[in-house]
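First up is the structure itself, then whatever we jot down about it.
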Amino acid sequence: MGQQLLRVQNFNVSSDGYGAGEGQSLERPFGHADPGEMFSWAGATASWPMRTDPGGSRGLDDYLTRDYARNIGAEIMGRNKFSPLRGPWENEDWRGWWGDEPPFRTPVFVLTHHPRPSFTLSDTTFHFVDADPATVLAQAKEAARGKDVRLGGGAATIREFLDADLVDTLHVAVSPVKLGSGSRLWESPEELFDRFHCDVVPSPGGKVTHHLFWRK
C-alpha cells in the first residue's frame with residue numbers, strides 16, 4: 001500500500017490570503033466574500049459537479065476540478081465549514097449546508113470542541129471529534145482504508161495542520177479579489193517555502209493563479 005497523503009484540494013483564497021470573509025451566517029457561508037467570484041474558475045470547467053448545462057472548459061482548471069475527488073477516502077473539516085453556528089449545539093437539527101446528498105461520499109471528520117453523535121446522509125457519514133490534528137488524521141486515515149485524506153478547510157483548520165507539519169500536498173487557487181479581513185490562510189505563500197516546493201501556474205481561464213505545493 002502506498003503512502004496515504006493529507007491533501008488540500010482546490011482551496012480558494014483572496015489575493016491577501018483569506019479563505020472566507022467576516023460575518024459568516026446562514027445566508028452568507030463565506031461572510032463578506034463572494035463565493036461566486038472566488039470559485040468561478042472551477043464552475044466554468046467541464047467537470048464541475050454542479051454543472052447542469054453541457055460544455056465547460058478542459059485543460060488545467062478542469063484537471064484540478066476532477067482531481068478534487070480522486071483517491072480520496074475521507075475528509076477533515078473545521079466546524080465552520082460544517083456550520084455557521086458557534087458554541088454548544090442548541091439542538092442537533094443542523095446537518096450541514098449540503099442537503100440530503102452531501103458531495104463528499106466518504107466519512108467526514110468535523111473538528112469541534114462540542115462533539116455530537118455521528119450521522120449519515122446518503123453515502124456521507126459525519127463524525128464530530130474534539131482532538132488534536134495528529135489524532136484526527138490517524139482516525140481519518142483509518143476510515144479512508146488506504147486512500148488519501150482531504151483537508152477541506154477552512155483556513156484556520158488548514159493552518160493548524162500545516163503548523164503541526166501534517167500536510168503533504170496543497171493546491172490553493174489565489175483569486176485577484178482583496179478581502180481585507182476574515183479567516184486567513186497566509187499573509188504570503190512564501191511562508192510555506194521552507195517546507196514545500198511550489199509551482200505557480202496561471203489559470204488558463206485567467207481568473208486565478210494556482211499554487212501547487214508538495215512537501216520537500
| request: Would you sort out whether Thr45 and Arg51 count as a side-chain contact (heavy atoms from CB on, under 4.5 Å), showing the intermediate values? | output: CA-CA 8 Å; Thr45 64; Arg51 173 169 293 292; 5.6 Å; no
| message | Run Met50 and Thr52 through side-chain contact (heavy atoms from CB on, under 4.5 Å) and show every step you take. | response | CA-CA 6 Å; Met50 276 90 81; Thr52 47; over 6 Å; no
| message | The test is side chain to side chain donor-acceptor pair (under 3.5 Å); show your working for Ser203 and Asp61 and say whether it passes. | response | CA-CA 6 Å; Ser203 150; Asp61 289 354; 2.7 Å; yes
| message | Walk me through whether Ile76 and Leu111 qualify under side-chain contact (heavy atoms from CB on, under 4.5 Å). | response | CA-CA 7 Å; Ile76 297 169; Leu111 302 174; 4.2 Å; yes
| Worked check of side-chain contact (heavy atoms from CB on, under 4.5 Å) between Met77 and Val108 | CA-CA 7 Å; Met77 67 173 66; Val108 173; 3.6 Å; yes
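Contacts classified as salt bridge (Lys or Arg N to Asp or Glu O under 4.0 Å) and involving residues 156-166 (residues at least two apart or in different chains) are given here: Arg159-Asp163, Arg159-Glu191, Asp165-Arg195, Asp165-Arg215. Legend: ring-ring contact (aromatic ring centres under 6.0 Å, His included) pairs involving residues 145-170, not counting sequence neighbours: none detected. Identified under the salt bridge (Lys or Arg N to Asp or Glu O under 4.0 Å) test for residues 70-82, with sequence neighbours left out: Asp67-Arg70, Glu75-Lys81, Glu75-Arg150. Applying the salt bridge (Lys or Arg N to Asp or Glu O under 4.0 Å) test to every pair with at least one member in residues 200-209, sequence neighbours left out, gives no pairs at all. For residues 13-29, no pair satisfies salt bridge (Lys or Arg N to Asp or Glu O under 4.0 Å), with sequence neighbours left out. For residues 47-76, the set of pairs meeting the ring-ring contact (aromatic ring centres under 6.0 Å, His included) definition, not counting sequence neighbours, is empty. Here ring-ring contact (aromatic ring centres under 6.0 Å, His included) pairs that include residues 167-191, with residues two or more places apart or in two chains, are Trp41-His171, His171-His210, Trp186-Phe213.
Between Asp93 and Arg95, no side-chain nitrogen of the basic residue sits less than 4.0 Å from a carboxylate oxygen of the acidic one, so the salt-bridge criterion is not met.
Under the 4.5 Å side-chain heavy-atom criterion for grouping Ile, Leu, Val, Met, Phe, Trp and Tyr, Phe196 is connected to Val174 within one hydrophobic cluster. In the hydrophobic clustering of this structure, Val167 does not group with Val200; members are Ile, Leu, Val, Met, Phe, Trp, Tyr whose side-chain heavy atoms approach within less than 4.5 Å, directly or through other members. Cluster membership check: Val208 shares its hydrophobic cluster with Leu212, using side-chain heavy-atom separations under 4.5 Å among Ile, Leu, Val, Met, Phe, Trp and Tyr. Under a hydrophobic clustering in which Ile, Leu, Val, Met, Phe, Trp and Tyr are joined whenever their side-chain heavy atoms come within less than 4.5 Å, directly or via other members, Ile158 and Leu192 fall into the same cluster. In the hydrophobic clustering of this structure, Leu151 groups with Val172; members are Ile, Leu, Val, Met, Phe, Trp, Tyr whose side-chain heavy atoms approach within less than 4.5 Å, directly or through other members.
When the shell of 6.0 Å around CG of Asp194 is examined, it contains more than 12 heavy atoms from other residues, nucleotides or ligands. Atom NZ of Lys216 is surrounded by more than 12 heavy atoms from other residues, nucleotides or ligands within 6.0 Å.
By the 4.5 Å heavy-atom criterion applied to side chains, Leu170 and Leu162 are counted as neighbours. Residues Thr169 and Asp148 fail the side-chain proximity criterion, which asks for heavy atoms closer than 4.5 Å. Residues Val177 and Asp34 have side chains not in contact (no heavy-atom distance under 4.5 Å, counting atoms from C-beta outward). Tyr18 is not listed as a side-chain neighbour of Ser183, based on a closest heavy-atom distance of 4.5 Å or more. Inter-residue side-chain proximity for Ile72 and Arg7 is flagged as met; some heavy-atom pair is nearer than 4.5 Å.
Taking both residues in full, the closest heavy atoms of Phe193 and Cys198 are given as CE1-CB, 3.7 Å, listed atom of the first, atom of the second, then distance. When all heavy atoms of Gly21 and Ala33 are compared, the pair lying nearest together is N-CB, 3.8 Å. Here the shortest heavy-atom pairing between Thr106 and Ala74 reads OG1-CA, 3.6 Å. Among all heavy-atom pairs drawn from Leu60 and Pro202, the shortest one is CD2-O, 4.4 Å. Here the shortest heavy-atom pairing between Trp89 and Ser83 reads CZ3-OG, 3.8 Å. When all heavy atoms of Ser47 and Arg66 are compared, the pair lying nearest together is OG-CG, 3.1 Å.
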Side chains of residues 115-133: which donor-acceptor partners sit under 3.5 Å, not counting sequence neighbours?
unit_1 : atom_1 : unit_2 : atom_2 : d
Arg116 : NH1    : Trp94  : O      : 3.0
Arg116 : NH2    : Glu92  : O      : 3.1
Arg116 : NH2    : Trp94  : O      : 2.9
Ser118 : OG     : His127 : ND1    : 2.8
Thr120 : OG1    : Thr125 : OG1    : 2.8
Ser122 : OG     : Glu101 : OE1    : 3.2
Thr124 : OG1    : Arg105 : N      : 2.8
Asp130 : OD1    : His113 : ND1    : 3.3
Asp132 : OD1    : Thr135 : OG1    : 2.6
Asp132 : OD2    : Ala134 : N      : 3.2
Asp132 : OD2    : Thr135 : N      : 3.3
Asp132 : OD2    : Thr135 : OG1    : 3.4

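How far CG of Leu85 is from CG of Leu26: 7.5 Å, rounded to the nearest 0.5 Å.
Scored by the ring pair (Phe, Tyr, Trp, His ring centres under 6.0 Å) test, Phe30 finds Phe39 as partners (sequence neighbours excluded). Applying the side-chain hydrogen bond (donor to acceptor under 3.5 Å, both in side chains) rule to Arg58 yields the partners Asp62; only residues at least two apart in sequence or on another chain are considered. In terms of the side-chain hydrogen bond (donor to acceptor under 3.5 Å, both in side chains) criterion, Asn71 has no residue partners (sequence neighbours excluded). Listed by chain and number, the residues in a ring pair (Phe, Tyr, Trp, His ring centres under 6.0 Å) with His32 amount to none (sequence neighbours excluded).
Checking each of Trp97, Phe109, Trp98, Phe82 against Phe104 for a ring pair (Phe, Tyr, Trp, His ring centres under 6.0 Å) leaves exactly one that passes, namely Trp98.
Checked against the 6.0 Å centroid threshold, Trp214 and His197 count as a close aromatic pair.
Between the side chains of Gln4 and Arg145, no donor-acceptor pair is found at a separation under 3.5 Å.
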